[in-house]
Amino acid sequence: MPELPEVETVVRNLRNGATTTLALPGRRIQSAELLWERTLAEPTAPLFYGAIAGQRVIAVDRRAKFIVIRLDVDTLLVHLRMSGDLRVENQQEELLPHDRALILFEDGTRLVFNDARKFGRIWLVRDSGTVLGGLGPEPLEDSFTPGEFHRKLQSTRRQIKPLLLDQSFLAGLGNIYTDEALFMARIHPHTASDSLSAQQAAQLLQAIRAVLQEGIRRNGASIDWVYRGGDFQNHFAVYQRTGEPCTVCGTPIQRIVVGQRGTHFCPHCQVFTDSNPTNITN
DNA sequence: CACGAGACCTGTTCGC
DNA sequence: TGCGAACAGGTCTCGT
């Protein structure tokens, strides 16, 4: 579910407070409680309970789709996977269905991890690099240049759609924003990454940034029952628009499966080409 | 190395 | 109405 823009929205809400949650920084932890044990990826439950008590929340940040909650000594990492969510509320509130873990604060509030599908995970680690170390570059960082992107695309011959979903290649994209970005850049999801020209790579990076930024601006996308605050779902060009007219040319949007993920594209705007003339000049 | 299948889970929607 | 199948924003592991 949540992809980079949804995670960024959750992070901003936790950092500053919102209608859906109190702000997190500054609160001191009294204790923790796991309602679904497997939510905790690391360390073991007894070590987790012992280590987290007494630590104070310093800051809330995002790396890829991870929520990074920096504490006095350790770092609490949360990955929402498909259906996770976080909220901060008073401890007197009723727990909700699918609440999986609680962090209780000394001031009578608590952080709650809710996750219907139980795929989400939390880590408490001294060094966040042990969990985040394998991630690829952040697409919105200015330091990640079109030239570097093109070089990375040339380094493999994988299909572009699964490649963009690979978090070790580029961090933060998920199924929605990948389909939207490939449409905006007019690139077919089957295209071999090393057949993209420098110009196409630059266009693709520009499209990735544009869809991510619009997603963040609209507080993410809420389909199904999660992330009801977002609005981006009303502005999809291709995602979940199978059979509906392309916003550019009117051709019905097509749904195929690529890398075992539902994939939406316009067969007229996004034409598959296996060879690329600019590639010959290498 | 690249890809596909299966696993992990629950809830909603679709088709008969 | 009921019921099973298909599908869902993610990632990991295993086999070819």
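Remember, it's a predicted structure, so these values are computed and weren't measured experimentally. Chain letters run A, B, ... following the sequence lines, proteins first, then strands; residues in each count from 1.
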Whole Å only: how far is the CD1 atom of A/Ile176 from the P atom of C/dC7? 17 Å
If you compare every side-chain N and O of A/Ser83 against the phosphate oxygens of B/dG11 (OP1, OP2), does one of them come in below 4.0 Å? no
Distance from A/Cys269 atom SG to A/His188 atom NE2, nearest 0.5 Å? 12.0 Å
Write down the distance between CD (A/Glu6) and C1' (C/dG10), rounded to a whole number of angstrom. 12 Å
Can you tell me, in whole Å, how much space there is between the P of C/dG2 and that of B/dC9? 30 Å
For DNA chain B, just give me the dot-bracket, please: Watson-Crick or G-U, both distances below 3.5 Å, ( ) intra-strand, [ ] crossing earlier pairs, | paired with another strand, . unpaired. .|||||||.|||||||
Distance test, side-chain N/O of A/Arg157 to OP1/OP2 of B/dC1, below 4.0 Å: no
Residue pairs involving residues 111-146 of chain A (criterion ring-ring contact (aromatic ring centres under 6.0 Å, His included); sequence neighbours excluded): A/Phe66-A/Trp123, A/Phe144-A/Phe149
Under the side-chain contact (heavy atoms from CB on, under 4.5 Å) rule, collect the residues that match up with A/Thr242, sequence neighbours excluded. A/Arg255, A/His264
Between A/Glu6 and A/Lys65, does any NZ, NE, NH1 or NH2 come within less than 4.0 Å of an OD or OE carboxylate oxygen? no
Take atom P in C/dT1 and the same atom in B/dG11, then report the distance between them in whole Å. 22 Å
Whole angstrom is fine here: how far is it from CD1 in A/Ile160 over to C1' in B/dC3? 16 Å
A/Asp85 atom CG is separated from B/dT10 atom P, nearest whole Å, by 18 Å
A/Gln240 has an atom CD; how far is it from atom P of B/dT12, in whole Å? 15 Å
All N/O pairs under 3.5 Å across the protein-nucleotides 5-9 of chain B interface:
from  : atom 1 : to       : atom 2 : distance (Å)
B/dA5 : OP2    : A/Gln260 : OE1    : 3.4
B/dA5 : N7     : A/Gln260 : OE1    : 2.5
B/dA5 : N7     : A/Gln260 : NE2    : 2.9
B/dC9 : OP1    : A/Arg38  : NH1    : 2.5
B/dC9 : OP2    : A/Arg38  : NH1    : 3.4
B/dC9 : O2     : A/Arg117 : NE     : 2.8
B/dC9 : N3     : A/Arg117 : NH2    : 3.2

Picking from C/dC7, B/dC3, B/dG11, which would you name as closest to the side chain of A/Gln159? B/dC3
Look at all strands and tell whether A/Tyr239 reaches a base, only sugar-phosphate, or nothing, counting heavy atoms closer than 4.0 Å. sugar-phosphate
Report the C-alpha distance between A/Lys152 and A/Glu148 in whole Å, list the side-chain angles of each, state the deciding distance to 0.1 Å, and finish with yes or no for salt bridge (Lys or Arg N to Asp or Glu O under 4.0 Å). CA-CA 6 Å; A/Lys152 283 174 67 70; A/Glu148 189 179 341; over 6 Å; no
I need the full list of side-chain hydrogen bond (donor to acceptor under 3.5 Å, both in side chains) pairs touching residues 35-51 of chain A, with sequence neighbours left out, sorted by first then second residue. none
In this structure, how many angstroms lie between the P atom of C/dA8 and the CG atom of A/Leu165, rounded? 13 Å
Applying side-chain contact (heavy atoms from CB on, under 4.5 Å) to A/Thr156 and not counting sequence neighbours gives A/Arg158, A/Leu163, A/Ser193
In this structure, how many angstroms lie between the P atom of B/dT10 and the CG atom of A/Asp99, rounded? 15 Å
Starting at atom CZ of A/Phe169, determine the distance to atom P of B/dC3, rounded to an integer number of angstrom. 12 Å
Tell me which one of A/Val73, A/Thr75, A/Ile69 satisfies side-chain contact (heavy atoms from CB on, under 4.5 Å) with A/Leu71. A/Ile69
Salt bridge check: are A/Glu138 and A/Arg62 linked by an N-O gap of less than 4.0 Å? yes
Would you sort out whether A/Tyr177 and A/Phe232 count as a ring-ring contact (aromatic ring centres under 6.0 Å, His included), showing the intermediate values? CA-CA 10 Å; A/Tyr177 294 90; A/Phe232 188 56; 5.3 Å; yes
Please determine if a side-chain N or O atom of A/His79 lies less than 4.0 Å away from the OP1 or OP2 oxygen of C/dT11. yes
OP1 or OP2 of C/dT11 under 4.0 Å from side-chain N/O of A/Gln167: yes
Can you check the distance between B/dA5 and C/dA6, where both ends of the measurement are the P atom (answer in whole Å)? 14 Å
